Amino acid sequence: MKEVISTTKAPAAIGPYSQAIKCGNMLFCSGQIPVNPETGEIPEGIKAQTAQSLANVKALLAEAGASVDNVVKTTVFLADMSLFGEMNAVYAETFSEPFPARSAVAVRELPKQVLVEIEVIAAL
């Protein structure tokens, strides 16, 4: 059975989707862009944007009773692959071994012209 997970500590869905869905012992989090849920502002630069996106992910995980230690797979969408190194430095501060499986891809454009979007799958 699907259960909607939502929190005001992450940006609200801006379309017909859920912030996260719990199904059995799995949590599927929608991609999180670097919008500060309290102010609606987007920080400048890839490092700050990666940190905010990950803060939003952590808020969704916490709402489901989980943490980054539960994450088994991440997908990172970048506005430009040249941003990978700086994104990866911030990402490495969040996750520890055993690291989740990860895909990182450059896309043509992201919502609100942000530089990064991060989605995760977690085992609860």
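Just so you know, these numbers use all the heavy atoms, side chains as well, and skip hydrogens, waters and symmetry mates. No experiment lies behind these values; they were computed from the predicted model shown.
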Please assess Leu78 against Ile46 for the test side-chain contact (heavy atoms from CB on, under 4.5 Å), listing each intermediate value before the final yes or no.
CA-CA 9 Å; Leu78 294 165; Ile46 186 61; 4.2 Å; yes

Please check: side-chain N/O of Gln19 versus main-chain N/O of Pro11, any donor-acceptor pairing under 3.5 Å?
yes

Is it the case that the side chain of Glu3 and the backbone of Met1 share a donor-acceptor pair, with hydrogens and angles ignored and the cut-off at 3.5 Å?
no

Residue pair Ile21 / Val4, side-chain heavy-atom distance below 4.5 Å
yes

Would you mind reporting whether Val76 and Met87 have side-chain heavy atoms less than 4.5 Å apart?
yes

Sequence neighbours excluded, which residues qualify as side chain to side chain donor-acceptor pair (under 3.5 Å) partners of Asn88?
Arg102

Do Val120 and Leu124 belong together in a cluster built from hydrophobic side chains that touch within less than 4.5 Å?
yes

Nearest non-hydrogen partners of Thr74 and Tyr91, listed with the distance
OG1-OH, 2.9 Å

Closest heavy-atom pair and its distance - Tyr17, Ala12:
OH-O, 4.5 Å

Do the side chain of Asp80 and the main chain of Ala106 share a donor and acceptor less than 3.5 angstrom apart?
no

With hydrophobic residues grouped by side-chain heavy-atom distances under 4.5 Å, do Ile121 and Val57 end up in a single group?
no

Between Met26 and Leu61, is there shared hydrophobic-cluster membership here, with clusters defined by ILVMFWY side-chain heavy atoms closer than 4.5 Å?
no

With side-chain hydrogen bond (donor to acceptor under 3.5 Å, both in side chains) as the test, would you mind laying out the steps for Ser103 and Lys73 before giving the verdict?
CA-CA 8 Å; Ser103 300; Lys73 172 71 168 80; 3.0 Å; yes

Taking side chain as C-beta onward, heavy atoms only, is Ile118 less than 4.5 Å from Val116?
yes

How close do Ile42 and Gln49 get, counting heavy atoms only, and between which atoms?
CG2-NE2, 3.6 Å

Distance-minimising heavy-atom pair for Ala10 and Pro37:
C-CB, 3.6 Å

Do the non-hydrogen side-chain atoms of Pro34 and Pro43 ever get within less than 4.5 Å of each other?
yes

Are any non-hydrogen side-chain atoms of Gln52 and Val35 less than 4.5 angstrom apart?
no

If you take all heavy atoms of Ser53 and Ile33, which pair is closest and at what distance?
OG-C, 3.4 Å

Answer yes if Phe77 and Val114 sit in the same cluster of Ile, Leu, Val, Met, Phe, Trp and Tyr residues linked by side chain heavy atoms under 4.5 Å apart, and no otherwise.
yes

Is it true that a side-chain atom of Thr7 and a backbone atom of Lys9 form a donor plus acceptor pair closer than 3.5 Å?
yes

Drop me the distance from Asn56's CG to Lys58's NZ, to the nearest 0.5 angstrom.
10.5 Å

Start with the C-alpha distance between Ser6 and Leu60, add both sets of side-chain angles, then the distance that settles side-chain contact (heavy atoms from CB on, under 4.5 Å), and finish with yes or no.
CA-CA 7 Å; Ser6 65; Leu60 287 172; 5.8 Å; no

Rounded distance [0.5 Å steps], CD in Gln32 versus CD in Glu119:
10.0 Å

Linking I/L/V/M/F/W/Y whenever any side-chain heavy atoms sit under 4.5 Å apart, do Leu83 and Phe95 land together?
yes

Applying side-chain contact (heavy atoms from CB on, under 4.5 Å) to Lys47 and not counting sequence neighbours gives Glu86, Val90

Side-chain contact, heavy-atom cut-off 4.5 Å: Ile5 with Leu27?
yes

